[in-house]
Q: 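Encoded as structure tokens, here's the structure I'll be asking about.
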Amino acid sequence: MSFSTHVLDAVAGRPAAGVRVRLEDAGGRVLAEGRTDGDGRIKGWDTAGAGVHRVVFDTAGYLAETFYPEVVIAFTVTDPAQHHHVPLLLSPYAYSTYRGS
């Protein structure tokens, strides 16, 4: 499975650079981890396997004040040959996500 994400800071109106992100399998095993680049992106993580995965965003490390210290998004991979893109739109008291392309 190839994985990418894009974090946008909805309050500042710009990409969220430097957000720590971790990709886990259903058992909590860390498959990849890193920080978003200057454009708020992580690209090209290649991991193996179908099944449930979690992407964990360290929002407390990015935002000075937040109700959500971390955002955990669980998603199911049915076809590991497909690319999976999980964007996050972030603010101190709300967030949203969708399956991107």
Side-chain angles (χ1 to χ4, degrees):
M1 168 188 80
S2 71
F3 174 86
S4 62
T5 188
H6 189 198
V7 183
L8 299 171
D9 184 326
V11 174
R14 65 176 184 255
V19 177
R20 289 188 327 203
V21 181
R22 184 174 72 246
L23 181 65
E24 303 175 345
D25 66 12
R29 182 174 58 106
V30 176
L31 302 174
E33 56 189 334
R35 289 184 180 267
T36 56
D37 65 15
D39 193 32
R41 295 179 184 274
I42 289 179
K43 303 175 191 172
W45 280 352
D46 290 318
T47 63
V52 175
H53 292 72
R54 285 187 292 273
V55 58
V56 182
F57 299 89
D58 175 21
T59 53
Y62 173 76
L63 296 167
E65 181 181 326
T66 181
F67 183 72
Y68 301 102
E70 67 179 16
V71 172
V72 180
I73 301 168
F75 61 98
T76 302
V77 174
T78 56
D79 181 357
Q82 288 186 353
H83 177 74
H84 292 76
H85 182 69
V86 180
L88 178 67
L89 181 61
L90 182 61
S91 72
Y93 300 100
Y95 66 88
S96 64
T97 187
Y98 58 93
R99 180 173 180 179
S101 57

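All values reported here derive from a predicted model rather than from experimental measurement. Values below: every heavy atom of this structure, side chains too, minus hydrogens, waters and symmetry copies.
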Q: Do H83 and S2 have side chains that approach each other closer than 4.5 Å (heavy atoms only, starting at C-beta)?
A: yes

Q: What distance do D37 atom CG and H6 atom NE2 have between them, rounded to the nearest 0.5 Å?
A: 8.0 Å

Q: Kindly compute the distance separating OH (Y93) from CG (L63), expressed to the nearest 0.5 Å.
A: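 The CG atom of L63 is 9.5 Å from OH of Y93, to the nearest 0.5 Å.
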
Q: What are the two closest heavy atoms between P80 and G49, and how far apart are they?
A: CG-C, 3.8 Å

Q: Could you see if F67 belongs to whatever hydrophobic cluster contains V72? Use Ile, Leu, Val, Met, Phe, Trp, Tyr and a side-chain cutoff under 4.5 Å.
A: no

Q: Under 4.5 Å between any side-chain heavy atoms of L8 and L90, yes or no?
A: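 Contact flag for L8/L90 side chains = no.
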
Q: Is there a path from L89 to Y95 through hydrophobic residues (I, L, V, M, F, W, Y) whose side chains come within less than 4.5 Å of each other?
A: no

Q: How far apart are the closest heavy atoms of G38 and P15, and which atoms are they?
A: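 Looks like O-CB, 4.1 Å.
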
Q: So V21 and W45, do their side chains get closer than 4.5 Å, heavy atoms only?
A: yes

Q: Would you say that T59 contacts V19 through its side chain, given a criterion of any heavy-atom pair below 4.5 Å between the two side chains?
A: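 Answer no - side chains too far apart.
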
Q: Would V86 and R99 count as a side-chain contact (heavy atoms from CB on, under 4.5 Å) here? Give the steps.
A: CA-CA 5 Å; V86 180; R99 180 173 180 179; over 6 Å; no

Q: Is F75 atom CZ crowded by more than 12 heavy atoms from other residues, nucleotides or ligands, each under 6.0 Å away?
A: yes

Q: Can you find a heavy atom in the side chain of L23 that is under 4.5 Å from one in the side chain of E33?
A: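 Answer no - side chains too far apart.
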
Q: Do Y62 and D9 have side chains that get closer than 4.5 Å, going by heavy atoms?
A: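 SC-SC contact between Y62 and D9 confirmed.
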
Q: Kindly work out whether a path of hydrophobic side-chain contacts (I/L/V/M/F/W/Y, heavy atoms less than 4.5 Å apart) joins V11 to F57.
A: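 V11 and F57: separate clusters.
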
Q: Looking at R20, I'd like to know if its CZ atom is crowded, meaning that more than 12 non-hydrogen atoms belonging to other residues, nucleotides or ligands lie closer than 6.0 Å.
A: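 Atom CZ in R20 is not packed in, count stays at 12 or less.
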
Q: Just so I know, are the side chains of T47 and H84 near enough to count as touching, which here means a heavy-atom distance under 4.5 Å?
A: no

Q: Does a side-chain heavy-atom distance below 4.5 Å link R22 with R54?
A: no

Q: What distance separates F3 CZ from I42 CD1, expressed to the nearest 0.5 Å?
A: 7.5 Å

Q: Please say which of K43, H85, R41 ends up in a side chain to side chain donor-acceptor pair (under 3.5 Å) with S4.
A: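 Considering K43, H85, R41, a side chain to side chain donor-acceptor pair (under 3.5 Å) with S4 is found only for H85.
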
Q: Quick one: closest heavy-atom pair of G100 and P87, and the distance?
A: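 Residues G100 and P87, closest heavy atoms: N-CD, 3.9 Å.
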
Q: Between atom OG of S91 and atom OH of Y68, what is the distance when rounded to the nearest 0.5 Å?
A: 8.5 Å

